[in-house]
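Please read these numbers as outputs of a predicted model, since none were measured by experiment. Below, chain A is the first sequence line, B the second, and so on; all start at residue 1.
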Number of protein chains: 2
Amino acid sequence: MISGPDEQPPTRVRETASWQLGQAALLCTRLLREGFAAVDSSGYHYRLLATLEEFGPASQAVLGRRNGIDPSDVVAQINELAQLGHVQREPDPEDRRRNVITITRSGTRQLRKLEKALDGVQRTLTAPLTAGERRELVRLLTRLNDHHHRKH
Amino acid sequence: MISGPDEQPPTRVRETASWQLGQAALLCTRLLREGFAAVDSSGYHYRLLATLEEFGPASQAVLGRRNGIDPSDVVAQINELAQLGHVQREPDPEDRRRNVITITRSGTRQLRKLEKALDGVQRTLTAPLTAGERRELVRLLTRLNDHHHRKH
DNA sequence: TACCTACATTGGTCCGACCAACGGTTACGA
DNA sequence: TCGTAACCGTTGGTCGGACCAATGTAGGTA
């Protein structure tokens, strides 16, 4: 976003849910990128590490499906995480098509850092809202997402 | 988004405002792209045409600032719109740095189509919400955006 | 056995946001 | 009035995130 405070887009644009949603998301991704970059990671890294910690070791395929990440992108991200030592990749003895990805101690340490960064972003993002409004916003967005998600 | 309904991301991810916001925005941009593509245009086209209709002829610079579009991107979009005949580009006699962009009759006709498409997207997007909830969502997002916008 | 499916991987595409640099033009201050 | 700063349009990029097609390998099953 480059526009100054004075020069506004047309009213009919400003009033749409889609415009406000897009602007908020833009702001959000910028905050996330900055926050995660400060600890030398990305949103992908966070999501993958968090998934590994919550659900335990998993194949790349399920990591991708759980997070809505394309398998080919999972490859790249796991490459990075493996090289950083945050994750271990080894072939699954029970199914030689799969890799088993396991989070390492270094990985959980990194995850703690990422969570701190993420908390900061949430607070910055929702700063102008009361706690109740923040919950309401999440509730509405969740309803919206769930609805459009169910019907594949 | 590729994940099925069953395989969910970690709870701590799902509960963040940033994740829900990102998912909703993803869904939204997909709907917008489809809706606008159906009338052979893009979101850029809509925003520029709407700005021209609401505020009258303008230079590319103010078009860009009003909509938060980079000047270089404005060039490309105005090229497209001019070639389609939706817009007229002529040098400003009073300031030879500027171009004056004017919407044509064909442009306003196209704008009507785009507005129809956009309305459909809004309805689809906010289908699971009541009218009150929809307004509340827009209100919260607007507050959020305005807040982060004022402080440059 | 033959066939269909799943997995990981390579090598792309597309789009929106953004940046740097430049020539031409105008505004402004010394 | 002259020099410089600021502005405008334009070119030619980068970057990240989402996505897709094709392939080799391995499993499941008729």
**Q** Could you check how far CD1 of A:Ile69 sits from P of C:dC7, rounded to whole Å?
**A**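 So the CD1-P distance, A:Ile69 to C:dC7, works out to 16 Å.
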**Q** Partners of B:Asp95 by side chain to side chain donor-acceptor pair (under 3.5 Å), sequence neighbours excluded?
**A** B:Arg97, B:Arg98
**Q** Can you list everything that forms a side chain to side chain donor-acceptor pair (under 3.5 Å) with A:Arg96? Sequence neighbours excluded, please.
**A**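 Testing A:Arg96 for side chain to side chain donor-acceptor pair (under 3.5 Å), a comparison that skips the adjacent residues, returns none.
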**Q** Under the ring-ring contact (aromatic ring centres under 6.0 Å, His included) definition, can you give me all pairs with a residue in residues 7-40 of chain B, not counting sequence neighbours?
**A**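 Every ring-ring contact (aromatic ring centres under 6.0 Å, His included) pair that includes a residue of residues 7-40 of chain B, provided the two are not neighbours, is B:Phe36-B:Tyr46.
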**Q** Is a side-chain donor-acceptor pair under 3.5 Å present for B:Gln20 with A:Asn145?
**A**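 Judged by distance alone, the side chains do pair up.
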**Q** Which of residues 91-101 of chain A have a heavy atom under 4.0 Å from DNA chain D?
**A**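 A:Asp95, A:Arg96, A:Arg97, in order of number.
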**Q** According to side chain to side chain donor-acceptor pair (under 3.5 Å), who are the partners of B:His86, at least two apart in sequence or on a separate chain?
**A** B:Ser106
**Q** Check salt bridge (charged side-chain N to carboxylate O under 4.0 Å, His left out) between A:Glu115 and all other residues, then give those that pass, not counting sequence neighbours.
**A** A:Arg112, B:Arg12
**Q** By side chain to side chain donor-acceptor pair (under 3.5 Å), which residues pair with A:Gln110, not counting sequence neighbours?
**A**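 Per chain and number, A:Gln110 pairs via side chain to side chain donor-acceptor pair (under 3.5 Å) with A:Ser41.
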**Q** Do any pairs count as a salt bridge (Lys or Arg N to Asp or Glu O under 4.0 Å) and have a residue in residues 31-48 of chain A, sequence neighbours left out, and if so which ones?
**A**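 Non-adjacent pairs meeting salt bridge (Lys or Arg N to Asp or Glu O under 4.0 Å): zero.
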**Q** Given side chains that start at C-beta, do those of A:Leu111 and A:Glu53 come closer than 4.5 Å, heavy atoms only?
**A** yes
**Q** To the nearest angstrom, how far is A:Asp73 atom CG from C:dT10 atom P?
**A** 13 Å
**Q** Under the rule for side chain to side chain contact (heavy atoms under 4.5 Å, CB included), what residues qualify as partners of B:Arg139, not counting sequence neighbours?
**A**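 By the side chain to side chain contact (heavy atoms under 4.5 Å, CB included) rule, B:Arg139 matches A:Glu133, B:Glu136, B:Arg143.
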**Q** Return the nearest nucleotide to the side chain of A:Ser72; candidates are C:dC19, D:dT10, C:dT10.
**A** C:dT10
**Q** Side chain of B:Arg30: nearest nucleotide among C:dC18, D:dC19, D:dT10?
**A** D:dC19
**Q** Among residues 75-89 of chain B, which residues get a heavy atom nearer than 4.0 Å to DNA chain D?
**A** B:Val75, B:Arg89
**Q** When you measure from every atom of DNA chain C, which of residues 31-56 of chain A have a heavy atom less than 4.0 Å away?
**A**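 Of all residues in residues 31-56 of chain A, none places a heavy atom under 4.0 Å from DNA chain C.
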**Q** Between P on D:dT25 and CD on A:Gln60, what's the gap in Å once rounded to a whole number?
**A** 17 Å
**Q** Could you tell me the separation between the CG atom of A:Asp70 and the P atom of D:dA22, rounded to a whole number of Å?
**A**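 My rounded result for the distance is 15 Å.
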**Q** Check side chain to side chain contact (heavy atoms under 4.5 Å, CB included) between A:Asp119 and all other residues, then give those that pass, not counting sequence neighbours.
**A**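 A:Asp119 satisfies side chain to side chain contact (heavy atoms under 4.5 Å, CB included) with A:Arg123 once adjacent residues are dropped.
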**Q** Need one value for B:Thr29: base, sugar-phosphate or nothing, where a base atom within 4.0 Å counts as base even if backbone is also close, heavy atoms only.
**A**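 It contacts nothing in the nucleic acid.
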**Q** Could you check how far CZ of B:Arg66 sits from C1' of D:dC8, rounded to whole Å?
**A** 17 Å
